[in-house]
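Only one structure is covered here, and it is reproduced in the block below.
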There are 2 protein chains.
Amino acid sequence: MSQDKTIHDFAACPAPAQHSDPELDRLVQEIIGRIADKWTMLALDVLAEQGRMRFTTLGKHIEGISQKMLTKTLRQMEADGLVVRTVFPVVPPRVEYELTPIGQSLGAAFCGVWLWAEQHREAILASRAAFAQRAPET
Amino acid sequence: MSQDKTIHDFAACPAPAQHSDPELDRLVQEIIGRIADKWTMLALDVLAEQGRMRFTTLGKHIEGISQKMLTKTLRQMEADGLVVRTVFPVVPPRVEYELTPIGQSLGAAFCGVWLWAEQHREAILASRAAFAQRAPET
DNA sequence: CTGGATCCTTTTCGATACTG
DNA sequence: CAGTATCGAAAAGGATCCAG
């Protein structure tokens, strides 16, 4: 692995000063609450790597997702402008999904969190084990 | 606004090639699923900005959180090694919470997503409005 | 003050059956 | 193939009471 460099190479957030508008805060949190969804991130990941893909194929690439959740997730992503939905008016319906530029930029932004999870997974597991050791008393 | 530069200045993720271990993938996703929680991120945000803080004070800084969720969230963050919990053996119990280095690095990693949400919030709102316009038929 | 335990409501999600 | 509609199980979450 050639990722010795940490992920906070880019200093940009250390400016929490302008947190003056509570309503804007709520909006940002609402947005994050939506995109931070399990299925949304997996769909984002698959589409970012595989590119345009049709409904069923996409579902096969997301382990464990139900048809209902796939539909719901894609609808939400489409509404938020993360993906574009293309319907081909052919006999057996053919619908393809593809990331928009905004969707791609989100994938890039989430990259930092993804790397963080990979880099600290061992520490997290160790922490959980240690925590379970000194808390198992009921 | 002087944030003309996009957030994917750092190219690091475009290397999804080593996605060979499905079990590691599941673990990473499970970790992200936990930290991507609404309350976890808000607590992370408050602790990152305000530093060490005690239970009740922390709760007042997180709008709308219940005591139950605050306790649960902090327990989980503690188990994952994101915060340290310090108990002062005094008459009225005094418990303080503080981010660990790992917790701080997570805050830095999530920064990218936060910036993304702020930068694209208008586009997202516009997209939602447009979507609501062409889908309102029941 | 901190937080565990309980009850109850809301939401989420999977399975299934059915259309164009 | 690509959904929609519906039902029931399960989980999340809030309110409240109580204890150290």
Side-chain angles (χ1 to χ4, degrees), chain A residues 26 29-30 32-43 46-47 50 52-79 83-98 131-132 134-138, chain B residues 26 29-30 32-43 46-47 50 52-80 82-98 131-132 134-138:
Chain A
R26 276 208 335 105
Q29 285 163 21
E30 188 270 347
I32 290 182
R34 281 170 72 121
I35 62 178
D37 174 70
K38 176 186 178 183
W39 300 127
T40 300
M41 298 211 309
L42 291 179
V46 171
L47 286 174
Q50 310 290 337
R52 183 183 299 177
M53 196 173 301
R54 55 191 299 182
F55 188 81
T56 303
T57 311
L58 188 50
K60 290 178 182 173
H61 282 261
I62 303 178
E63 179 70 18
I65 195 172
S66 66
Q67 175 273 337
K68 179 182 179 180
M69 282 300 105
L70 181 56
T71 298
K72 182 182 178 184
T73 301
L74 288 173
R75 282 289 177 288
Q76 192 166 268
M77 292 176 75
E78 185 192 4
V83 300
V84 283
R85 178 171 176 267
T86 308
V87 181
F88 295 83
V90 293
V91 186
R94 178 187 185 86
V95 182
E96 295 189 343
Y97 295 87
E98 186 179 20
F131 186 80
R134 68 169 182 283
E137 42 184 291
T138 305
Chain B
R26 275 207 336 105
Q29 285 165 21
E30 188 270 346
I32 291 182
R34 279 170 73 121
I35 62 178
D37 174 69
K38 176 186 178 182
W39 300 127
T40 301
M41 298 211 310
L42 291 179
V46 172
L47 286 173
Q50 309 289 337
R52 181 183 299 176
M53 196 174 300
R54 55 190 299 181
F55 188 80
T56 303
T57 311
L58 188 49
K60 290 179 182 174
H61 281 261
I62 303 178
E63 179 69 17
I65 195 172
S66 65
Q67 174 271 332
K68 180 182 179 180
M69 282 299 105
L70 182 57
T71 299
K72 182 182 177 183
T73 300
L74 288 173
R75 283 289 175 287
Q76 191 165 270
M77 292 177 75
E78 185 193 3
D80 287 351
L82 302 182
V83 300
V84 282
R85 177 170 176 268
T86 309
V87 181
F88 294 84
V90 293
V91 187
R94 178 188 184 85
V95 182
E96 294 189 345
Y97 295 87
E98 186 178 19
F131 186 81
R134 69 170 180 284
E137 40 186 289
T138 307

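The chains referred to below are lettered A, B, ... by the order of the sequence lines, with proteins before strands, and numbering in each begins at 1.
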Looking only at side-chain atoms of [X], point me to the closest of [options].
| X | options | answer |
| --- | --- | --- |
| A/Arg54 | D/dG3, C/dG14, D/dC1 | D/dC1 |
| B/Arg75 | D/dG13, C/dG4, C/dC13 | C/dG4 |
| B/Gln67 | C/dC13, D/dG3, C/dA5 | C/dA5 |

Return the value, rounded to whole Å, for the distance between atom [atom1] of [X] and atom [atom2] of [N].
| X | N | atom1 | atom2 | result |
| --- | --- | --- | --- | --- |
| A/Leu74 | D/dC1 | CG | P | 16 Å |
| B/Ile65 | D/dA12 | CD1 | P | 15 Å |
| A/Met53 | D/dA2 | CE | C1' | 16 Å |
| B/Trp39 | D/dG13 | CH2 | P | 8 Å |
| B/Lys68 | D/dA11 | NZ | C1' | 10 Å |
| B/Lys72 | D/dG13 | NZ | C1' | 8 Å |
| B/Arg85 | C/dC1 | CZ | P | 16 Å |
| A/Leu70 | C/dA15 | CG | C1' | 16 Å |

Approximate separation, where rounding is to 0.5 Å, of [X] [atom1] and [Y] [atom2]:
| X | Y | atom1 | atom2 | result |
| --- | --- | --- | --- | --- |
| B/Leu82 | B/Thr73 | CG | OG1 | 11.5 Å |
| B/Met69 | B/Leu42 | CE | CG | 13.5 Å |
| B/Arg26 | A/Glu63 | CZ | CD | 9.5 Å |
| A/Glu30 | B/Lys38 | CD | NZ | 9.5 Å |

Closer than 4.0 Å, any side-chain N/O of B/Tyr97 to the OP1 or OP2 of C/dT2?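 Negative; the distance criterion is not met.
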Does a side-chain N or O from B/Thr71 land closer than 4.0 Å to OP1 or OP2 of C/dG3, or not?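 Looking at the OP1 and OP2 atoms of C/dG3, neither is under 4.0 Å from any side-chain N or O of B/Thr71.
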B/Asp37 side chain to B/Trp39 backbone, donor-acceptor under 3.5 Å: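 Yes; at least one donor-acceptor contact below 3.5 Å.
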With DNA chain C as reference, determine whether A/Pro92 or A/Ser66 sits nearer its 5' end, using the nearest nucleotide of each.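 Nearest nucleotide further toward 5': that of A/Ser66.
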Pick the closest DNA chain D nucleotide for B/Lys38 and for A/Pro93 by heavy atoms, then say which residue is nearer the 5' end.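 Per heavy-atom nearest nucleotide, the more 5' residue is A/Pro93.
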